Amino acid sequence: MWDSLQCGQVPVGGAVRAHWDPCASGDRVMETLLMTEERYLPSPGYLASVQSEPRNRQLLANWTLEVCCDSQCEEGVFSLSLALLDRVLSVLPVRPDSLQLLAAACLLVASKLRQSEALGARALCAASGLAFLPQELRGMERVVLTALRWDVAVVTPHDFLPHFLSALGLGGQQQQQEEEEEEQGGDFLPTVRRHADTLVALCACDARFLGLPPSVVAAATLCSALGGLGYGGPREGLAARLARLCRTEPAMLQFYSEQVEGALSDRLHPGQQLGRERAKEGEGAGARHMKEGAVEGGRASTPTDLREVDF
C-alpha cells in the first residue's frame, strides 16, 4: 500500500517542475476546466454497478496504487489511470480475467501523459507477477485508446488543486507563501499540497466518490487538508470560499469534506469499519435468532471468514 496514505506524503519521483505562472490560472482557466470535467464522468449504469459491488474495483485500485508507489510515479498518474479505467469499463465489456491487464494499460497511458519518464511494459508485467506479457499489454493499450477515441487527457482533481490554492492566496505569490510558512512554523504550502494529493488518491480508491465531479473532490479534499492544518478560520468559511470556486453549495461541500475525513479514518483504522459492519450483521442475526427462538450453543456469535477481511 502507498505509504503516503499512512504518513500523508505523496512521492513525486524527483521530477523537475517549472515555477508557478499566474497567467496559467484565473477565471478563464477555471471556467474551461469546469466545462470540460463533465465530459469525463462515468456512465450512470457503471456507477450503479460499481457502488453495489465495489470490491473488484477496490482490488484494482489497490494494485494500481502499489505499482505507483513502487515506481515513484508523480501524484497525477494514479488518479488519471483510475479515471481512464472507469471510462473504459463504462463503454466496453471486459472479461474478469482481463481486468488487471486493463488496469495496467490505463496506468501505462497515464504515465505517458503525466510524467516525463513513462512506466515500462516489462516493469508492469513484473508488477503483476507475470500475469500477462508485454505484447498483451501493448495490445490492451491500443484497445484503451480505441475505446476512448484517443481522448485520454482527462480532467482530474489534481488539475484543480493549484488553481484553488492560487484563488485562496496560497499558490502564486512567494511573499504570501513565506508569510504562511512563518505563521505556521514550517513549509506550509507543500504540506497542504501533500495532504490534498494524498486525500485525492484516497477518494480515487473509494467508490463513494466515483460519481462526483473532479472539482468537488478537489475542493472537499483541500477543505479537509486546510481545515486539519488550522488554516482559514472556521471550516464553514473555508467551505464557502471553495464552494464558490467549484460552483456548488457550501453545505454539500462541507458534507463531502466530512465524507473524505471518514474515508481516511476507515483507511487508517480498518478494524473500526469492519467492526461496524459486523455489528450491523450481528443485529440482524440476533433479531432472526430471537424470532426463531433458538440459538445453537457452542458457536461463536459472530463467525469471521478470513477471506472477507481486507488487510
Side-chain angles (χ1 to χ4, degrees), residues 2 4-6 8-10 25 29-42 47 50-51 54 57-58 61 65 75-76 78-83 86 154-171 188-269 273:
W2 204 344
S4 62
L5 292 180
Q6 301 293 333
Q9 296 180 354
V10 175
S25 186
V29 177
M30 285 291 300
E31 180 73 21
T32 302
L33 287 174
L34 291 171
M35 292 177 59
T36 307
E37 68 176 352
E38 299 179 358
R39 293 168 41 192
Y40 300 110
L41 295 178
L47 293 177
V50 169
Q51 290 175 351
R57 184 184 182 277
Q58 181 71 45
L65 195 59
E75 62 273 8
F78 172 66
S79 58
L80 177 58
S81 65
L82 284 193
D86 292 325
V154 181
V155 176
T156 68
H158 287 288
D159 297 321
F160 287 94
L161 287 177
H163 301 290
F164 286 166
L165 288 169
S166 178
L168 293 174
L170 293 174
F188 182 67
L189 179 58
T191 301
V192 171
R193 185 60 192 265
R194 285 196 302 267
H195 281 237
D197 288 336
T198 300
L199 293 176
V200 167
L202 177 65
C203 292
C205 292
D206 199 322
R208 290 176 292 182
F209 303 96
L210 185 56
L212 292 181
S215 59
V216 175
V217 175
T221 54
L222 188 56
C223 182
S224 298
L226 288 171
L229 294 172
Y231 171 81
R235 182 73 64 88
E236 293 78 8
L238 181 60
R241 296 171 64 186
L242 289 170
R244 286 194 298 269
L245 295 174
C246 63
R247 298 179 181 176
T248 189
E249 295 295 329
M252 293 298 297
L253 186 58
Q254 179 69 21
F255 170 77
Y256 290 129
S257 177
E258 294 173 356
Q259 289 286 98
V260 170
E261 294 170 1
L264 178 62
S265 178
D266 291 341
R267 189 80 175 203
L268 296 179
H269 307 286
Q273 182 183 13

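This is a predicted model, so every value here is computed, not measured.
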Give me the atom names and distance for the closest heavy-atom approach of Ala263 to Asp206.
CB-OD2, 3.7 Å
Looking only at atom types and distance, does a side-chain atom of Asp86 sit under 3.5 Å from a main-chain N or O of Ala83, one as donor and one as acceptor?
no
Shortest non-hydrogen contact from Phe209 toward Tyr256
CE2-O, 4.3 Å
Shortest non-hydrogen pair, Ala243 vs Glu249, comes out as CB-C, 4.0 Å
Which heavy atom of Ala219 sits nearest a heavy atom of Leu242, and at what distance?
O-CD1, 3.4 Å
For the atom pair CG (Asp159) and OG (Ser79), what is the distance rounded to the nearest 0.5 Å?
7.5 Å
Any idea which heavy atoms bring Pro250 and Ala239 closest together, and the distance?
O-CB, 4.2 Å
Determine whether a donor-acceptor pair (N or O, by modelled atom type, separation under 3.5 Å) exists between the side chain of Ser257 and the backbone of Leu253.
no
Return the CG to CZ distance between Leu189 and Arg194, rounded to the nearest 0.5 Å.
10.0 Å
Thr156 side, atom OG1; Glu75 side, atom CD - distance, nearest 0.5 Å
9.5 Å
Measuring only between side-chain heavy atoms, which start at C-beta, is Cys203 closer than 4.5 Å to Thr221?
yes
Apply side chain to side chain contact (heavy atoms under 4.5 Å, CB included) to the pair Gln51 and Arg57, showing each step before the final yes or no.
CA-CA 9 Å; Gln51 290 175 351; Arg57 184 184 182 277; over 6 Å; no
If you round to the nearest 0.5 Å, how far is CD of Gln259 from CE of Met252?
9.5 Å
Can you name the side-chain contact (heavy atoms from CB on, under 4.5 Å) partners of Ala204, sequence neighbours left out?
Phe78, Leu82
Distance-minimising heavy-atom pair for Val260 and Ala220
CG2-CB, 4.2 Å
Among all residues two or more places apart in sequence or in another chain, which pass the ring-ring contact (aromatic ring centres under 6.0 Å, His included) test with Phe164?
Phe160
Distance from Asp197 atom CG to Leu222 atom CG, nearest 0.5 Å?
10.0 Å
Using modelled atom types and a 3.5 Å cut-off, is there a donor and acceptor pairing between side-chain atoms of Ser265 and backbone atoms of Glu261?
no
For the residue pair Thr198 and Leu202, establish whether any side-chain heavy-atom pair is separated by less than 4.5 Å.
no
Result for side-chain contact (heavy atoms from CB on, under 4.5 Å) between Pro214 and one of Leu41, Leu161, Val200 points to Leu41
Is the shortest side-chain heavy-atom distance between Pro162 and Arg193 below 4.5 Å?
yes
First locate atom SG of Cys223, then atom CG of Leu168, and finally report the distance between them rounded to the nearest 0.5 Å.
9.5 Å
